[in-house]
Amino acid sequence: MLSMTLKINRSESYRWVISSSDENKPEAVVYASENIMNSIKNDQSLQQLLNVASLPGVSGNVFAMPDIHQGYGFPIGTVAAFDYDEGIISPGGVGYDINCGVSLIRTGLKVEDVSRHLGELVSLLYKRIPSGTAKSTIDVSDHDMEKILNYGLEWAMDKGLADQDDLLNTELGGKLNVDDPGMVSDMAKRRGRNQLMTLGSGNHFLEIQKVDQIMDEETSKVFGLEKGEVTVMIHTGSRGLGHQVATDYLNLLNESDESVKNEKDPQLISAHIKSRLAERYMEAMNAAANFAYVNRQLITNSVIQTLRETLKNRESDMHTGIVYSLAHNIARVEEHTIGGRKVNVIIHRKGATRAFPGHMMEGTKFSKYGHPVLVPGSMGTASYVLVGIKGNDERSFSSSCHGAGRMLSRHAAISKLSARDIRNELVSKGISFKAANSRSLVEEAPESYKDVDEVVESARGAGLTLPVARLIPIGVMKG
DNA sequence: ATGTCC
């Protein structure tokens with residue numbers, strides 16, 4: 001990757017304009033506190049952000065969320081829009097884990113109902129939901145795989161594995177448009193078949209949480225969140241299937257004469273939005289996203305089933321349901337306001353969360369308050385439920401942060417931290433936990449991440465989202 | 001993120 005000289009100008013307390021002196025003079029906007037900006041200013045991520053800003057057909061500004069860090073081509077934490085006629089789509093702008101995302105489940109149970117059974121609950125979940133490299137325990141036919149890729153949660157509903165409420169509480173009904181699931185390679189499908197209803201590894205987790213703090217009473221009530229109640233958060237994606245789709249299409253683009261190569265960084269290879277290549281990648285990406293929505297739905301079902309069995313005597317107090325399920329690694333065609341005009345653009349959100357306020361959610365149950373924005377923290381730290389702010393469209397295409405954001409590389413984490421210290425830290429916080437391997441335990445240590453409270457505060461200060469509720473872990477399962 | 005090098 002070629003570097004250029006970076007200029008950083010503070011335009012508001014949580015808004016920074018990054019610019020470069022190269023011939024295109026690209027600019028990008030970063031939302032961050034001063035402290036976060038100081039921690040990232042010498043990082044490759046800002047250079048990567050300017051490279052994205054110089055891609056063809058970019059519409060409006062390229063934005064970075066406060067949890068920005070270095071990624072493949074595009075930094076994680078990027079929101080970038082491209083013209084629907086002149087622009088591009090880039091697999092590096094979605095990421096290898098297509099529809100990596102979050103589902104949040106409310107239980108209606110109080111922490112006191114659950115705490116005595118926490119160890120048993122975590123052990124049982126660990127047995128039932130394969131994590132790390134463990135394979136799927138359920139068997140789906142080739143025919144079902146095709147249907148999952150084609151119809152997402154509608155397949156689950158047909159099979160009695162999801163109900164109408166699950167679909168209403170999943171963004172876009174958990175189904176992105178796919179005409180031909182044949183755009184997904186046989187190898188990708190094969191990998192997916194062995195991984196349905198699995199958590200994976202890396203930063204993926206399943207957490208039993210307590211609603212620790214309510215910042216917005218009215219909105220939290222609408223979302224079904226009450227202080228002292230138990231929630232379960234699932235953070236996972238499309239597993240090997242999405243990874244294989246990303247690999248397949250990066251290979252195709254690299255072999256094609258019709259793709260848009262990038263001289264600054266080969267990882268930014270793209271396809272013109274109106275090209276056949278772009279159309280094929282969009283189909284495959286949507287199919288992988290549908291698989292991920294189903295993956296989280298099946299894990300959700302298993303969690304609810306396990307809660308019912310473990311807390312039999314509390315069954316009448318249980319009021320389970322999906323608060324929301326969303327993707328934070330995805331590209332989509334959306335209508336946004338740029339320079340006062342409404343335009344269709346292809347939005348890449350890579351490690352960034354859609355945060356539509358009510359008026360952008362017409363026709364859904366979230367048309368008054370906006371949809372929940374789920375922000376998983378790092379292991380053993382808080383997670384948040386946020387909501388979009390009217391006026392955030394010109395600021396971030398109505399997007400916000402997606403997590404705490406990595407500070408140390410995986411490699412740096414391993415050389416600095418020990419698994420024993422991290423286990424001790426979790427135990428001292430009174431958290432029940434199970435981890436598939438100690439390597440990811442170290443790589444995902446809270447010390448490897450930014451402070452999620454500061455990330456969320458930066459998103460608030462920048463006018464992107466408002467905090468609704470803060471959740472803290474009481475049980476953790478790591479891949 | 002990922003059958004962490006087909």
Side-chain angles (χ1 to χ4, degrees), chain A residues 44-45 48 67-78 90-103 130-137 184-206 234-252 254-255 267 281 284-285 287-289 291-293 295-296 299 326-331 348-353 376 378-379 402-415 419 435-445 448-449 477-479:
Chain A
Q44 285 293 301
S45 60
Q48 289 190 316
D67 48 335
I68 181 178
H69 58 104
Q70 198 182 322
Y72 182 90
F74 286 48
I76 291 142
T78 301
S90 179
V94 173
Y96 273 92
D97 189 3
I98 295 164
N99 189 357
C100 183
V102 189
S103 297
S131 61
T133 52
K135 282 186 186 168
S136 180
T137 54
V184 175
S185 69
D186 289 343
M187 198 197 286
K189 287 176 198 164
R190 194 164 62 242
R191 288 178 70 173
R193 256 190 79 160
N194 293 323
Q195 293 180 322
L196 198 57
M197 207 185 92
T198 67
L199 194 63
S201 52
N203 65 356
H204 291 167
F205 67 69
L206 189 155
I234 298 159
H235 181 200
T236 185
S238 54
R239 312 285 291 102
L241 186 145
H243 192 276
Q244 191 62 48
V245 166
T247 304
D248 289 340
Y249 280 86
L250 283 166
N251 287 340
L252 257 176
N254 277 306
E255 287 157 12
Q267 295 182 348
Y281 172 67
M285 178 195 68
F291 178 85
Y293 285 125
N295 190 35
R296 287 194 293 271
I299 294 173
L326 56 77
H328 52 223
N329 276 9
I330 197 81
H348 295 64
R349 291 194 186 87
K350 182 190 193 183
T353 312
S378 56
M379 181 174 56
H402 88 303
R406 200 165 257 293
M407 282 250 283
L408 295 179
S409 68
R410 292 171 195 280
H411 185 78
I414 284 173
S415 57
N437 70 73
S438 51
R439 182 171 147 181
S440 79
L441 196 68
V442 175
E443 288 178 351
E444 301 305 322
S448 307
Y449 282 82
M477 173 175 144
K478 277 300 293 176

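Below, chain A is the first sequence line, B the second, and so on; all start at residue 1.
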Whole-Å distance, Asp97(A) CG to dT4(B) P, equals 16 Å

Can a side chain N or O of Arg410(A) be found less than 4.0 Å away from OP1 or OP2 on dT4(B)? no

Here the distance between atom P of dC6(B) and atom CG of Asp186(A), to the nearest Å, is 19 Å

At 4.0 Å (heavy atoms only), tell me whether Gln195(A) reaches a base, stays on the sugar-phosphate, or touches nothing. sugar-phosphate

Any base atoms under 4.0 Å from Gly95(A), or only sugar-phosphate, or nothing? Heavy atoms, all strands. nothing

_Counting only side-chain nitrogens and oxygens, does Ser201(A) get under 4.0 Å of the OP1 or OP2 atom of dT2(B)?_
yes

Atom CD of Glu443(A) and atom C1' of dT4(B) are separated, to the nearest Å, by 9 Å

(Q) Assess, by modelled atom type and distance only, whether the side chains of Arg296(A) and Asn99(A) contain a donor and an acceptor separated by less than 3.5 Å. (A) yes

Between CG of Asp248(A) and P of dC6(B) the distance, given in whole Å, is 13 Å

Whole-Å distance, Lys135(A) NZ to dT2(B) C1', equals 15 Å

Here the gap from Leu206(A) atom CG to Thr236(A) atom OG1, rounded to the nearest 0.5 Å, amounts to 9.5 Å

Here the distance between atom P of dT4(B) and atom CG of Asn437(A), to the nearest Å, is 13 Å

If you look at every strand shown and take non-hydrogen atoms under 4.0 Å, does Arg439(A) touch a base, only sugar-phosphate, or nothing? base

Here the distance between atom C1' of dT2(B) and atom CD1 of Ile98(A), to the nearest Å, is 12 Å

Atom OH of Tyr249(A) and atom P of dT2(B) are separated, to the nearest Å, by 20 Å

Ring pair (Phe, Tyr, Trp, His ring centres under 6.0 Å) filter on His69(A), not counting sequence neighbours, yields none

Residues passing the salt bridge (charged side-chain N to carboxylate O under 4.0 Å, His left out) test with Arg349(A), sequence neighbours excluded, are Glu334(A)

